[in-house]
Chemist: 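This is the structure I want to talk about, given as structure tokens.
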Amino acid sequence: MYALIDCNNFYASCERVFNPSLNGKPVVVLSNNDGCVIARSNEAKALGIPMGAPAFEYKKTFEKYNINIFSSNYALYGDMSSRVMNLLSEFTPEVEIYSIDEAFLKFIGFDFFNFQEIGLQMKRRVTKGTGIPISIGFAPTKALSKVANRIAKKFSERTNGIYVIDSEEKRIKALKWLSIEDVWGIGRKHAKRLKALQIYNAYQFTQLSDDWVRKNMSVVGLRLKHDLEGKPTLDLETTANKKMIATTRSFEGMLTSYQDIRERVSTFAVSCAEKLRHQQSQCHMLMVFLHTNGFRKDLPQYGRNIVVKTHYPTNSSIDLVTYAEVGLQAIYREGFHYKKAGVIVMGLTPNNQKQYSLFTSENPKHEPIMNVVDRLNKAYGNNKIKFGSQSLGRQWKMKQEKLSPRYSTNIQEIITINA
DNA sequence: TCTGGGGTCCTAGGGCGA
DNA sequence: TCTGTCGCCCTAGGACCC
């Protein structure tokens with residue numbers, strides 16, 4: 001049996017844990033730069049605020065309905081997430097953390113257990129331990145547990161946030177209820193194609209022939225079909241190291257000068273290098289990209305990316321800044337208003353599997369320097385140590401006008417209770 | 001004026017050596 | 001020495017997820 005546990009309106013719920021006066025009121029959380037709506041409480045959903053809504057377009061709606069707005073506070077959400085995941089792992093050792101707010105659990109040898117009861121215990125444990133509300137779906141496969149979770153959430157008053165698919169009858173009923181575009185693994189494109197063929201729900205999808213699905217939706221679609229049929233095909237994924245690491249940002253305004261963009265790109269490269277060292281990996285390729293604002297049809301558009309190969313595997317900030325600059329020089333063009341840039345490191349290998357080059361080698365001083373940089377940044381806060389190409393005086397700040405405190409990870413910002 | 005960020009997997013097609 | 005075929009590797013692009 002698999003379970004999918006999903007935190008309800010996760011970011012909005014995190015804000016509520018430390019500010020209970022928000023309970024019952026509409027809450028939205030915005031993306032970086034306070035750009036789009038990325039999380040909504042049920043009350044905000046009921047007011048018709050869609051996912052991804054640009055904040056500036058909905059400003060009046062926010063004011064009209066007194067909606068509580070928050071900038072995204074990843075320090076808080078990340079910490080709350082790991083607390084939830086820790087509690088869930090008390091129920092079975094087989095846990096796949098699927099995203100910041102979701103986990104698959106696998107129950108082997110629980111044949112005679114009552115999953116409804118296990119679900120109740122999980123809910124109580126997580127609510128008591130973190131204050132985060134969760135929904136739980138149990139089913140014999142991962143894809144079906146996603147479906148069960150959806151039912152648990154959709155009919156929460158009847159299901160109490162827990163639903164178990166444990167019979168053929170329930171499976172078919174659930175699949176007939178689920179619209180094709182809501183099936184996990186069927187995105188917009190495939191949903192459109194399937195609808196054109198009169199396939200409107202998940203059950204109809206499972207009635208297609210394997211050959212057709214394989215031919216038109218690749219093995220990915222076929223695996224999904226089998227999983228929905230109740231034949232376990234997708235298993236828990238082991239949490240290996242990441243295969244690529246990215247740091248990309250939209251700029252608050254638009255940038256034109258090479259120097260300004262270079263500063264930003266250097267910072268992205270430094271950030272990638274830090275993430276690489278954190279997971280004890282190194283990269284042998286780095287991609288730099290930049291592009292103009294696609295929403296501004298009145299301005300000339302330009303966008304390019306370039307992959308730069310490193311001479312040896314590295315996670316040195318000094319090296320990566322250098323390579324990133326080589327890439328940027330190759331793709332930067334004068335005369336455009338740039339809105340977004342990023343650095344992505346690829347071809348990752350563990351630190352202890354190093355393929356040396358005959359002709360070039362890393363500077364042996366980098367490793368101890370990076371160790372010191374990481375230690376200082378850890379002790380005194382991130383980005384205290386900067387590199388030459390990053391500006392010392394200038395602070396590039398994301399727009400975060402509605403940022404809540406880091407209640408659970410910073411002692412200076414701990415919650416205060418007035419008696 | 002203002003529209004996010006970070007990932008994974010799969011396939012097709014070309015280059016290239018055996 | 002030339003040519004055809006096969007399989008591997010790499011890359012770009014597409015589709016999906018949260």
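Throughout, a chain's letter reflects where its sequence line sits, starting with A, and its residues are numbered from 1. From a predicted model like this one, the values you see are computed outputs, not experimental measurements.
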Chemist: Given that A:S218 and A:F251 both sit by DNA chain B, which one's nearest nucleotide is further toward the 5' end?
Modeler: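 Final value for this comparison: A:F251.
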Chemist: Quick one: label A:I245 by what it contacts on the DNA or RNA (base, sugar-phosphate, nothing), any heavy atom closer than 4.0 Å.
Modeler: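 Here A:I245 touches the backbone only, sparing every base.
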Chemist: Just how far, in rounded Å, is P of C:dC17 from CZ of A:R223?
Modeler: 15 Å
Chemist: Under the salt bridge (Lys or Arg N to Asp or Glu O under 4.0 Å) test, which residues partner A:K340, sequence neighbours left out?
Modeler: none
Chemist: Would you indicate what A:V29 reaches in the nucleic acid, counting non-hydrogen atoms under 4.0 angstrom: base, sugar-phosphate, or nothing?
Modeler: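 Touches nothing.
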Chemist: Would you verify whether the NZ or CZ of A:K154 falls within 45 degrees of the ring axis of A:Y163 while also being under 6.0 Å from that six-membered ring's centre?
Modeler: no
Chemist: Please name the pair of heavy atoms, one in A:N315 and one in A:S281, separated by the smallest distance, quoted to 0.1 Å.
Modeler: ND2-O, 3.0 Å
Chemist: Looking only at atom P, what distance separates C:dC16 and B:dT3, rounded to whole Å?
Modeler: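 After rounding to an integer number of Å, I get 26 Å for this pair.
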Chemist: Give one of base, sugar-phosphate or nothing for A:I186, where a contact means two heavy atoms less than 4.0 Å apart.
Modeler: sugar-phosphate
Chemist: Rounded to whole angstroms, how far apart are CE on A:M346 and C1' on C:dG13?
Modeler: 14 Å
Chemist: Contact class for A:T247 vs. all strands (heavy atom < 4.0 Å): base, sugar-phosphate, or nothing?
Modeler: sugar-phosphate
Chemist: Counting any heavy atom closer than 4.0 Å, what does A:V219 reach on the DNA or RNA strands: base, sugar-phosphate only, or nothing?
Modeler: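 Sugar-phosphate contact only - A:V219 comes under 4.0 Å of backbone atoms but never of a base.
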Chemist: Separation of A:R188 atom CZ from C:dC18 atom C1', in whole Å?
Modeler: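 About 14 Å, once rounded to whole Å.
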Chemist: May I have the step-by-step check of ring pair (Phe, Tyr, Trp, His ring centres under 6.0 Å) for A:F104 and A:W184, ending in yes or no?
Modeler: CA-CA 14 Å; A:F104 285 103; A:W184 178 50; 5.5 Å; yes
Chemist: Is it true that A:E102 and A:K153 have a side-chain N and a carboxylate O under 4.0 angstrom from each other?
Modeler: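 No, this pair does not count.
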Chemist: Taking the six-membered ring for Trp and the full ring for Phe, Tyr or His, determine whether the centres of A:F107 and A:F115 are under 6.0 Å apart.
Modeler: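 Centroid distance A:F107-A:F115: below 6.0 Å, so yes.
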Chemist: So where does chain A start and stop touching DNA chain B, 5' to 3', when the test is distance under 4.0 Å to a non-hydrogen atom?
Modeler: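 On DNA chain B, the outermost contacted nucleotides are B:dT1 to B:dT11.
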Chemist: On a whole-Å scale, what distance lies between the P atoms belonging to B:dT1 and C:dC18?
Modeler: 34 Å
Chemist: Mind checking if A:R296 touches a base, just sugar-phosphate, or nothing, with heavy atoms under 4.0 Å?
Modeler: sugar-phosphate
Chemist: So A:D101, base contact, sugar-phosphate only, or nothing? Heavy-atom distance under 4.0 Å.
Modeler: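 Sugar-phosphate contact only.
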Chemist: Which part of the nucleic acid, if any, lies within contact of A:K59, taking any heavy atom under 4.0 Å across all strands shown: a base, the sugar-phosphate backbone alone, or nothing?
Modeler: nothing
Chemist: Within the structure shown, what part of the strands sits under 4.0 Å from A:M217 by heavy-atom distance: base, sugar-phosphate, or nothing?
Modeler: nothing
Chemist: Take A:K339 and A:R249, find for each the nucleotide of DNA chain B with the closest heavy atom, and name the residue whose nucleotide sits nearer the 5' end.
Modeler: A:K339
Chemist: With ring centroids as reference points, do A:Y11 and A:F70 lie under 6.0 angstrom apart?
Modeler: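 Ring centres of A:F70 and A:Y11 not closer than 6.0 Å.
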Chemist: Can you check the distance between C:dG4 and B:dG15, where both ends of the measurement are the C1' atom (answer in whole Å)?
Modeler: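 Those two atoms are separated by 16 Å.
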